[in-house]
**Student:** 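Can you read through this structure? Questions will come right after.
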Amino acid sequence: MATRTPLRERGLARPRLGVVQILFFVVGASGPLYAIAGGVTATYAVTGVMGVPLSFVLLAPVLALFAVGYAAMSRYITNAGAFYPYVVNGLGRSSGVAVSFVALVAYNAIQISIYGLFGWSLSNWLNPLLGMDTPWWLWALVIALVIGTLGVLRVDLNAKVLGVLLVLECLVIVVTVVTLLGSPDGGGAPSLAPLAPSNLFTTGVGAVFAFSIAVFTGFEGAATYSEEARDPRKTVARATYLAVALTAMLYALSALAMADAAGPSNIIGAAQQSGPGLLFDLTATRLGGLFSSVAYALFITSQFASLLSFHNAIARYFFALGREGVLPEVLARTNRRTGAPAAGSLLQTAFGLIVVAVFAAFGRDPFTELFSWLGTMASTGVVLVMAAVSVSVIGFFRKRQHEETPWRHTVAPALATVFLLVIFVLIIWNFDVLLGTAGDSPLRWILPGILVLAGIAGFARASVLRGRKPEVYAGIGKAD
């Protein structure tokens, strides 16, 4: 049952989350096992570039630079809207609302895209195993309802579910990496050819970085739990740094191990032939069918963990915007018993059900279209929002007294902005490659155009509030 607390006084559940629990959410959102089996394999297959492991090594410092300013700002702003109030306090209210709309579209897109992958993965696994012939969309709709139900429960309960799944995932990944590293026949020293710069900086390097940044998406969501953290001024920063370090290590080592096991000169062809099944094919020949089956089961639960993490983050975005009057007040309603953002959770679930139903009705492919199209659009939006946040950090600290060092308040955010904008340009430049469509496909411009329209809609909404509800506009994204 929803609370009736006055709008701007509404809050989420009492502080329950520590560093480890928030780490479960943000790393769970990245979905390490499905990111490796799906994302890393797709990067090899689509780009035709051997140096994928090196891309993760190079991207980690860029994300760490972003995390420096992001973490510094998190010590001054505690708000479930995360990026939204950061930009409000750094670049202004209108810019903040515009960024919040882009973020909502991006995160909803990536959440819904995973429904397609989940339905595809589960139907492909269960149908031959049980002699069934179920459509992908059936499982996508079922999991959407399950995630929606969990979304209104206690957030620390969700963290426990994610924690168990994440630990199991990481154990499987570690065993897999240790087993696969070595020569193709399972012995000898690992080949370091995929880490050579000459094998990354070739034709297609832009697409590699675009895919790789998409695989990292999720680490940046720690601040959405700041209102439920026991010590937000320390917890958010620590969880973010740990998330970057852990995912970078897992992705780089796994990509290297896959290339080494398949053979550096064969990895691209193997990825193109086997797709997401490559990782499980490689483990089956070395660790047996049972281990491979367990790994595939965790590949599916990895998607579940990611769905739950993104769902929780999106529901909190809706809550924050509803509480401040940017979106309808009903979105600020929370579950009286659990303190979870119930209205936002239900709205996100409704969006997921509608999009899955539309793709199913038109017979679209869940993997190459629903997952690929929306996932690519989502990562594009997230990179753009992160760049805006980095600029906002500089603006925020210039306008107030603080104890942060120049490295934290200016140098690191400025460097992060430059690198993130370069990555954004690379994504747009290689958008047709990422979508797997022809260069003249309308989708190349339609999907990024949706993000642009979201930003314009945000500016328009802010303009309306400034003129018609100045008291609401004045309270948008206030810092502590």
**Student:** So Thr301 and Leu298, do their side chains get closer than 4.5 Å, heavy atoms only?
**Tutor:** yes
**Student:** Ignoring hydrogens, what is the shortest heavy-atom contact between Leu33 and Ser302? Give both atom names and the distance.
**Tutor:** N-OG, 3.6 Å
**Student:** Taking all non-hydrogen atoms of both residues into account, name the closest pair between Ala255 and Tyr44 and its distance.
**Tutor:** O-OH, 2.9 Å
**Student:** Does the plane of the ring in His409 sit parallel, tilted or perpendicular to the ring in Phe397? Use 30° and 60° as the thresholds.
**Tutor:** tilted
**Student:** How about His311 and Thr349: do any of their side-chain heavy atoms sit closer than 4.5 Å?
**Tutor:** yes
**Student:** Are the side chains of Phe56 and Phe216 in contact, using a 4.5 Å heavy-atom criterion?
**Tutor:** yes
**Student:** Does a side chain donor of either Tyr34 or Glu169 reach within less than 3.5 Å of an acceptor in the other side chain?
**Tutor:** no
**Student:** Under the salt bridge (charged side-chain N to carboxylate O under 4.0 Å, His left out) test, which residues partner Glu369, sequence neighbours left out?
**Tutor:** Arg364
**Student:** Can you check whether Phe459 and Phe101 have ring centres sitting under 6.0 Å from each other?
**Tutor:** no
**Student:** Find out whether Phe66 and Leu420 are in side-chain contact, i.e. whether some heavy atom of one side chain is under 4.5 Å from a heavy atom of the other.
**Tutor:** yes
**Student:** Are Phe304 and Val146 packed together at the side-chain level, in the sense that at least one heavy-atom pair is separated by less than 4.5 angstrom?
**Tutor:** yes
**Student:** Check step by step if side-chain hydrogen bond (donor to acceptor under 3.5 Å, both in side chains) holds for Tyr107 and Gln348.
**Tutor:** CA-CA 10 Å; Tyr107 282 105; Gln348 204 288 318; over 6 Å; no
**Student:** Are side-chain heavy atoms of Leu59 and Ile213 found at a separation under 4.5 Å?
**Tutor:** yes
**Student:** Could you tell me whether Arg93 sits above the aromatic face of Tyr473, with NZ or CZ closer than 6.0 angstrom to the six-membered ring centre and within 45 degrees of the axis?
**Tutor:** yes
